[in-house]
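Have a look at the structure below before the remarks.
The first residue in the sequence is number 1, and the count goes up from there. In listed order, ligands and their atoms are each counted from 1. Basis for what follows: all heavy atoms, side chains included, without hydrogens, waters or symmetry-related copies.
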Amino acid sequence: MIILKSSDELRAMRAAGRVVAQAHELVRELVRPGITTWELDKKVEEFLLSQKAVPAFKGYHGYPASICTSINEVVVHGIPSRNVVLEEGSIISVDIGAFVDGYCGDSAWTYPVGKIDPEVQLLLETTEAALYAGIEQARVGNRLSDISHAVQQRVEADGFSVVRDYVGHGIGRDMHEEPQIPNFGPPGRGPRLRPGMTLAIEPMVNMGSFHVEVLADNWTVVTRDGKWSAHFEHTIAVTEDAPVILTVL
Ligand code: MF3
Ligand code: CO
């Protein structure tokens with residue numbers, strides 16, 4: 001069942017989304033060669049707690065940190081570590097989720113570390129554009145897979161591939177609610193979109209093939225071919241009018 005949110009609930013979701021966006025601003029300022037992913041995690045956790053927000057990932061199925069830090073060929077769910085130091089020319093996908101007053105916001109962004117190669121820059125631009133192409137389809141009257149299809153079209157137009165094994169999701173009182181939102185597929189399928197639906201749309205895009213595997217830590221998802229991957233995610237609300245992005249300042 002897809003849980004529709006009232007206007008009061010949407011206000012609460014917006015508050016959660018704003019705190020997550022503020023945490024991303026902090027990360028954007030901190031990301032530079034030499035910082036560890038452990039430091040990023042601590043700074044974000046400190047910030048969230050200072051805002052009376054509860055990190056959504058910590059303890060989720062035993063996940064050990066407040067954010068995910070996924071570098072280069074890591075697709076998602078990279079675990080922050082004291083031993084992982086950011087290097088010039090890398091990219092890092094930072095995923096942040098937080099509850100405020102019982103409602104969840106979830107957003108991921110891929111940041112360049114210093115100067116990156118032009119084709120990697122294109123990967124980031126394409127993945128961000130694919131996210132917005134998906135959001136644009138989150139309108140009353142459309143069906144869920146119109147989002148999926150728009151994301152896939154935008155990604156493949158630039159010769160990149162969409163990860164199949166992980167999907168976006170409904171979000172609200174729980175971080176993961178129905179429906180699942182694949183980033184690929186034909187348009188015109190699935191439930192009709194209705195006002196009050198709140199969705200986390202999150203394309204994961206690979207420079208090489210879409211195949212991924214999970215490392216022995218049971219969390220870290222990497223590309224099978226070792227090529228790099230990007231991840232952009234916003235939590236949005238479907239309304240009578242245009243889609244509303246909740247995870248912005
Ligand atoms: N944005 C991811 C998701 O929606 C974050 C989950 S990471 C976990 O699934 F550690 F919480 F699992
Ligand atoms: Co998510």
Side-chain angles (χ1 to χ4, degrees), residues 2-3 5 13-14 16-21 23-24 27 37-38 40-42 44-45 48-49 53-71 74-81 84 91-100 103-111 127-128 130-132 134-135 138 144 147-148 151 162-184 197-205 212-222 229-238 243 245-248:
I2 300 176
I3 302 169
K5 278 76 180 181
M13 298 274 305
R14 178 72 181 95
R18 185 177 280 115
V19 172
V20 169
H24 269 293
V27 168
T37 53
W38 189 85
L40 294 176
D41 183 59
K42 286 304 145 210
V44 169
E45 183 174 291
L48 293 176
L49 296 175
V54 179
F57 302 170
K58 201 161 199 174
Y60 182 84
H61 293 279
Y63 187 75
S66 290
I67 65 174
C68 300
T69 49
S70 305
I71 297 172
V74 181
V75 179
V76 288
H77 303 168
I79 301 173
S81 163
V84 175
I91 54 173
I92 178 170
S93 302
V94 177
D95 197 344
I96 305 176
F99 288 92
V100 173
Y103 288 88
C104 193
D106 186 9
S107 175
W109 215 256
T110 303
Y111 300 97
T127 309
E128 183 178 354
L131 168 61
Y132 289 114
I135 291 172
L144 188 70
I147 298 172
S148 313
V151 170
V162 161
V163 171
R164 274 33 175 190
D165 294 5
Y166 297 86
V167 297
H169 49 95
I171 180 169
R173 285 198 163 275
D174 287 310
M175 178 165 66
H176 293 143
E177 297 182 352
E178 286 180 39
Q180 296 197 90
I181 312 172
N183 292 300
F184 62 96
M197 285 184 178
T198 44
L199 307 173
I201 301 174
E202 49 178 319
M204 288 144 271
V205 174
V212 301
E213 56 196 32
V214 181
L215 297 187
D217 64 15
N218 279 320
W219 281 106
T220 310
V221 178
V222 298
S229 185
H231 182 205
F232 286 75
E233 173 181 30
H234 271 311
T235 299
I236 66 105
V238 179
I245 302 177
L246 300 172
T247 40
V248 288

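Listing protein N, O or S atoms at distances below 2.8 Å from the Co ion (ligand 2), with waters left out, gives Asp106 OD2, His169 NE2, Glu202 OE2, Glu233 OE2.
Under the 6.0 Å cut-off for aromatic ring centres, Trp109 and His234 qualify, their centroids lying closer than that.
Side-chain contact between Val44 and Val27: present, with at least one pair of heavy atoms (C-beta onward) separated by less than 4.5 Å. With a 4.5 Å cut-off on side-chain heavy atoms, Leu40 and Ile67 count as touching. For the pair Asp95 and Asp106, the minimum side-chain heavy-atom distance is below 4.5 Å. With a 4.5 Å cut-off on side-chain heavy atoms, Val151 and Leu131 do not count as touching. Inter-residue side-chain proximity for Thr69 and Ile79 is flagged as unmet; no heavy-atom pair is nearer than 4.5 Å.
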For ring pair (Phe, Tyr, Trp, His ring centres under 6.0 Å), just list the numbers for Tyr60 and His176, CA-CA rounded to whole Å, side-chain angles, deciding distance to a tenth of an Å, and then say yes or no. CA-CA 11 Å; Tyr60 182 84; His176 293 143; 5.3 Å; yes

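Within 6.0 Å of atom CD in Glu213, more than 12 heavy atoms from other residues, nucleotides or ligands are found, so the atom counts as buried in its surroundings.
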Check each N or O atom of ligand 1 against all protein N or O atoms and list the pairs under 3.5 Å, with atom names and distances to 0.1 Å, one per line.
from     : atom 1 : to     : atom 2 : distance (Å)
ligand 1 : 1 (N)  : Asp95  : OD1    : 3.2
ligand 1 : 1 (N)  : Asp95  : OD2    : 2.6
ligand 1 : 1 (N)  : Asp106 : OD1    : 3.1
ligand 1 : 1 (N)  : Asp106 : OD2    : 3.2
ligand 1 : 1 (N)  : Glu233 : OE1    : 3.1
ligand 1 : 4 (O)  : Asp106 : OD2    : 2.9
ligand 1 : 4 (O)  : His169 : NE2    : 2.7
ligand 1 : 4 (O)  : His176 : NE2    : 3.1
ligand 1 : 4 (O)  : Glu202 : OE2    : 3.1
ligand 1 : 9 (O)  : His176 : NE2    : 2.8

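Screening Cys68, Ser70, Ser93 against His231 for a side chain to side chain contact (heavy atoms under 4.5 Å, CB included) leaves a single residue, Ser93.
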